[in-house]
Participant: 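The structure's right below; bear with me while I get my questions together.
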Number of protein chains: 2
Amino acid sequence: MNKSEVPDEVINRLYIYARCLEGFREEGKKSFSSDDIADRLNIKSTLVRKDFSYIGTMGKRGVGYDTEEVLKEVNQIAFPIKERKVALIGVGKLGSALLNFYGFKTQGFKIALAFDKDRRKIGSEIRGIKIDDINNFKKRVKKEGIKIAIIAVPSEEVVNVIKEIKNSCIEAVLNFTPSYLSSLNNCSNDFIIRNIDLSSELARLSYYLSEKESTKRN
Amino acid sequence: MNKSEVPDEVINRLYIYARCLEGFREEGKKSFSSDDIADRLNIKSTLVRKDFSYIGTMGKRGVGYDTEEVLKEVNQIAFPIKERKVALIGVGKLGSALLNFYGFKTQGFKIALAFDKDRRKIGSEIRGIKIDDINNFKKRVKKEGIKIAIIAVPSEEVVNVIKEIKNSCIEAVLNFTPSYLSSLNNCSNDFIIRNIDLSSELARLSYYLSEKESTKRN
DNA sequence: GTAGATTTGTTATTATAATCACAAAGTGAG
DNA sequence: CTCACTTTGTGATTATAATAACAAATCTAC
Ligand SMILES: NC(=O)c1ccc[n+]([C@@H]2O[C@H](COP(=O)([O-])OP(=O)(O)OC[C@H]3O[C@@H](n4cnc5c(N)ncnc54)[C@H](O)[C@@H]3O)[C@@H](O)[C@H]2O)c1
Ligand SMILES: NC(=O)c1ccc[n+]([C@@H]2O[C@H](COP(=O)([O-])OP(=O)(O)OC[C@H]3O[C@@H](n4cnc5c(N)ncnc54)[C@H](O)[C@@H]3O)[C@@H](O)[C@H]2O)c1
């Protein structure tokens, strides 16, 4: 079963299914029907079944799906790698929070290297990770074989950081600065990017709120 | 022009266009063509023009679009409100970073209230915001007329927090815990939700990386 | 002012995704 | 074993989104 035949929309939902199934597990729900999951996620059960069929997941007619079995299959695609090392660029307020976050580990990620340009930060240590000079980025990242970088620097610095990254073996970027780095579809030619723009997320909520209000009036 | 006629896909891109136009502005680019913006975002220029036509944005044939003009129109939809107050629940590592973040203000958002359940944190102050007891949530939020809440508590606490929120006047939620709260389409009946799952974001990058490698091999 | 080069706005077309509809498979009671 | 009830898996259908195609408008240079 070739992954690339699975549409991106389906892949995106996989992560959501995974969280939902973890919920089932915690609740001690050993099996579930496509309706169970659909109800919780406010989607149609046919969509769930079709998505599952893409990844080859099998249920039993008249019965449903086995929670553990599906979770295992979904995770195999969604979180396939045991430990993937990533590099953090910018150990400020947000970067420190990320560096201190335990949750990544359980999902198979480890911030193995952290970089900053602030002399006062370079050399200090957070949770066993020594903050390194951004000038050593290329060298260090190559040595560790890291392919994913997280950008958490002020937006005016993003240009410099991108230069550094382009010049390195990094192939994918998680960008927290509010400057969309190329590509809506998250794939530029240089590297794969996902942009996380928290102000825009708030604004979206705000937009839906006003929309709700305006439809209520009509 | 009724907002609700504009497809969500277009609205989502609006935020991306906004950032791109800010980039043009910073570069001193007074006007642009649909191709300019399309090239930068790795999309087709017809899509840009069609999106713009949805929101009534007008360019000049043979010339292009005026940066300031379009930015103003896009922002009017994407970031319409001068100052929208939001409440933060959970002032831990991530919550503190958010509370300390200046960037929200420039986009029209202000974390006006912050709540925690930790006795040691309650009463202390960050950037002029006094951390309040989560038990006062309903009362305080109502008094301030706040409709948006940010959840940044450990995932096992999310159930309790949701109870509190359901019981209040909150209508929209930005959720950072890795437990998708209903609704893929970000709209449950109770309130509007956007989930931000950073581990999944990393995993998606990781997925695309392995996909890239596997297609290279074939 | 006209020709040729640009660039928009929009209709027509194609591609993609979601939903419907239903046969097939399984369960359980009597 | 049979009937009534569940629930899956998937081909057919519908809905939605993206792209292509091109006329209409504007600009520049001569
Ligand atoms: N703090 C938040 O909660 C939050 C929320 C949303 C978005 N963001 C975004 O995340 C980014 C970081 O925010 P923050 O609040 O952590 O900022 P910050 O100022 O606290 O930290 C930025 C860090 O990046 C370092 N840095 C600057 N230039 C660098 C370079 N060229 N190479 C390496 N390191 C460099 C600085 O020394 C600093 O330590 C910003 O773009 C911001 O818009 C932050
Ligand atoms: N730290 C990160 O960088 C990061 C990254 C990704 C996701 N997250 C997610 O964000 C959430 C918070 O992470 P964190 O690292 O800030 O955790 P944290 O433990 O540092 O902070 C959690 C805070 O929530 C408070 N809290 C707990 N229960 C509460 C309740 N019922 N009401 C009000 N406050 C309550 C705690 O007292 C604590 O101050 C987690 O769900 C985590 O998975 C964090």
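The chains referred to below are lettered A, B, ... by the order of the sequence lines, with proteins before strands, and numbering in each begins at 1. All heavy atoms count here, side chains included; hydrogens, waters and symmetry mates do not.
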Participant: Is any side-chain heavy atom of A/Leu198 closer than 4.5 Å to one of B/Leu98?
Facilitator: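 Result yes, sub-4.5 Å side-chain heavy-atom pair found.
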Participant: For residues 28-39 of chain B, which side-chain donor-acceptor pairs fall under 3.5 Å, sequence neighbours excluded?
Facilitator:
unit_1	atom_1	unit_2	atom_2	d
B/Lys29	NZ	B/Asp36	OD2	3.1
B/Ser33	OG	B/Asp35	N	3.3
B/Ser33	OG	B/Asp36	N	3.2
B/Ser34	OG	B/Arg49	NH1	2.9
B/Asp36	OD2	B/Ser33	N	2.9

Participant: Look at all strands and tell whether B/Tyr65 reaches a base, only sugar-phosphate, or nothing, counting heavy atoms closer than 4.0 Å.
Facilitator: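 Sugar-phosphate only.
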Participant: Which residue is it: A/Val141, A/Ile134, A/Val158, A/Ile150? I am looking for the one with a side-chain contact (heavy atoms from CB on, under 4.5 Å) to A/Ile89.
Facilitator: A/Ile134
Participant: Take atom OH of B/Tyr54 and atom P of C/dT11, then tell me their distance rounded to the nearest Å.
Facilitator: 11 Å
Participant: Classify the side chain of B/Lys50 and the base of C/dT10 as holding, or not holding, a donor-acceptor pair under 3.5 Å.
Facilitator: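 Answer is no: no donor-acceptor pair is held.
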Participant: Look at the side chain of B/Tyr207 and the backbone N and O of A/Ile77, then say whether any donor-acceptor pair between them is shorter than 3.5 Å.
Facilitator: no
Participant: Listed in order of residue number, which residues of residues 29-39 of chain A have a non-hydrogen atom at under 4.0 Å from DNA chain D?
Facilitator: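 Contacting residues: A/Ser33, A/Ser34.
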Participant: Reading DNA chain D in the 5' to 3' direction, which nucleotide is the first one with an atom under 4.0 Å from a heavy atom of chain B, and which is the last?
Facilitator: D/dA17 to D/dC27
Participant: For the side chain of A/Ser96 and the backbone of A/Gly92, is there at least one donor-acceptor N/O pair under 3.5 Å apart?
Facilitator: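 Pair found, side chain donor or acceptor close to backbone of A/Gly92.
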Participant: Side chains of B/Tyr208 and A/Asp8: is there a donor and an acceptor less than 3.5 Å apart?
Facilitator: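 Result is yes, a qualifying pair exists.
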Participant: Produce a footprint string for nucleotides 25-30 of chain C: one letter per nucleotide, 5' end first; B if the base is under 4.0 Å from any protein heavy atom, S if only the sugar-phosphate is, - if neither.
Facilitator: BSS---
Participant: What I want to find out is whether B/Arg19 reaches B/Glu22 closely enough, with some N-O distance under 4.0 Å, to be called a salt bridge.
Facilitator: yes
Participant: Have B/Asp51 and B/Tyr17 got a donor and an acceptor in their side chains that come within less than 3.5 Å?
Facilitator: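 Result is yes, a qualifying pair exists.
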Participant: Can you list the residues that meet the salt bridge (charged side-chain N to carboxylate O under 4.0 Å, His left out) rule with B/Arg140, with sequence neighbours excluded?
Facilitator: B/Asp132
Participant: Nearest-Å distance, CG (B/Leu47) to P (C/dT10)?
Facilitator: 15 Å
Participant: Quick one, B/Arg84 with A/Leu209, criterion side chain to side chain contact (heavy atoms under 4.5 Å, CB included). Give me CA distance, side-chain angles, the key distance, then yes/no.
Facilitator: CA-CA 11 Å; B/Arg84 171 91 79 164; A/Leu209 278 185; 3.6 Å; yes
Participant: Hey, which sits more toward the 5' end of DNA chain C by its nearest nucleotide, A/Lys44 or B/Thr57?
Facilitator: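 Counting from the 5' end, the first nearest nucleotide belongs to B/Thr57.
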Participant: My understanding is that only residues two or more places apart in sequence, or in another chain, count here; which of them pass side chain to side chain donor-acceptor pair (under 3.5 Å) with A/Glu156?
Facilitator: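 Counting only residues at least two positions away or on another chain, A/Glu156 forms no side chain to side chain donor-acceptor pair (under 3.5 Å).
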